[in-house]
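Take a look at the structure below.
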Amino acid sequence: MMNSFMSYFGARRDPKQSARDAIVTLRQQLQMIEKKEDHLQKKIEEELKKAKANAVSNKALATAALKRKKASELELDRLAGTRLQLEMQVNTLESANLNAETLAAMKKAASALQTIHGNLNIDKVDATMATVNEQRELANEIASSLANPINGMEGIDQDEIQQELEELEQDSLNERLSGAEHAPVHLPEGVKEGPRQHVAIEDDEEAQLKELQEALAMPAH
């Protein structure tokens, strides 16, 4: 009873669903018109065939066929106009429905943004960014401090270190030069060595002379 009462006075319906129902109804009507147009087109072709077949032998029958053909053509034109109006309404409803859904989506997005930004304002954002920058600068200072030498190294005299290094280099060069002076000298073949070589030659001559004397002193067999 209540449902009938609400239907009679028009219960409130979802606009989106109403638009969809209207589009479905219009498309169904368009399908019926298209079927009617196909039927009329076939009828026009049949009447034209009858008129041609009886144009000489039975002019009255041919004339009647042409009149029916003309009436069908007029009906076909009216249906074409109706179909055009229905198609325009379908397009208008689809466009309106799309616009409504787009607007609803934009409202929902705006509501979500409002919820997200509800606890935010420019002062809070600036304060947060200032804190971030402050912490970043602190981190950079800590990193720089860790990268510097230990404070205990600051008391070392760099000039004294450099002087000691130069002395060590000079000592190393002196040791190399001293070792070079005591190294044996290898003379090329045929070059006289000096007094030591002369003494060796004399010793060899004495040995040969001694051998000769011993040979002369040996008795003959």
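Everything numeric in this text was worked out from a predicted model, so none of it was measured.
- Considering only heavy atoms from C-beta on, K36 stays 4.5 Å or farther from M32 through its side chain.
- Pairing each heavy atom of A65 with each of A51, the nearest pair is CB-N, 3.9 Å.
- Side-chain contact check for I142 versus L138: some heavy-atom pair is nearer than 4.5 Å.
- Nearest approach of K43 to S72, heavy atoms of both residues: CD-OG, 3.6 Å.
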Assess whether salt bridge (Lys or Arg N to Asp or Glu O under 4.0 Å) is satisfied between E75 and R78, documenting all intermediate values. CA-CA 5 Å; E75 181 66 18; R78 286 194 297 268; 2.4 Å; yes

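- In this structure, R83 pairs ionically with E87, as a charged nitrogen and a carboxylate oxygen lie closer than 4.0 Å.
- With values rounded to the nearest 0.5 angstrom, E175 atom CD is found 10.5 Å from L177 atom CG.
- The backbone N or O of L61 lies less than 3.5 Å from a partner atom in the side chain of N58, making a donor-acceptor pair.
- Residue E47 is tested with K69, R68, K42 for a salt bridge (Lys or Arg N to Asp or Glu O under 4.0 Å); the sole match is R68.
- Using a distance-only test at 3.5 Å, with no hydrogens or angles considered, a donor-acceptor pair links the side chain of S144 to the main chain of N140.
- Side chains of N133 and E137: no donor on one and acceptor on the other come within 3.5 Å.
- The CG atom of D77 sits 9.5 Å away from atom CD of E37, with the distance rounded to the nearest 0.5 Å.
- E34 CD to H39 NE2: the interatomic distance, rounded to the nearest 0.5 Å, is 16.0 Å.
- Expressed to the nearest 0.5 Å, how far CG of L113 lies from CE of M106 amounts to 11.0 Å.
- I44 shares a hydrophobic cluster with I23, L26, L30, I33, L40, L76, L79, L86, V90, L93; the chain of contacts runs through ILVMFWY side chains whose heavy atoms sit under 4.5 Å apart.
- Here the side chain of T63 pairs a donor or acceptor atom with the backbone of K59 at under 3.5 angstrom.
- Note that CG of N97 and CD of Q17 are 10.0 Å apart. Values are rounded to the nearest 0.5 Å.
- The hydrophobic side chain of L168 is isolated, with no ILVMFWY side chain under 4.5 Å apart from it.
- No hydrogens or angles considered: a donor-acceptor pair under 3.5 Å links the side chains of Q170 and N174.
- In this structure, NZ in K124 is found 9.0 Å from OG1 in T128, a value given to the nearest 0.5 Å.
- One N or O on the side chain of T102 and one on the backbone of L98 form a donor-acceptor pair closer than 3.5 Å.
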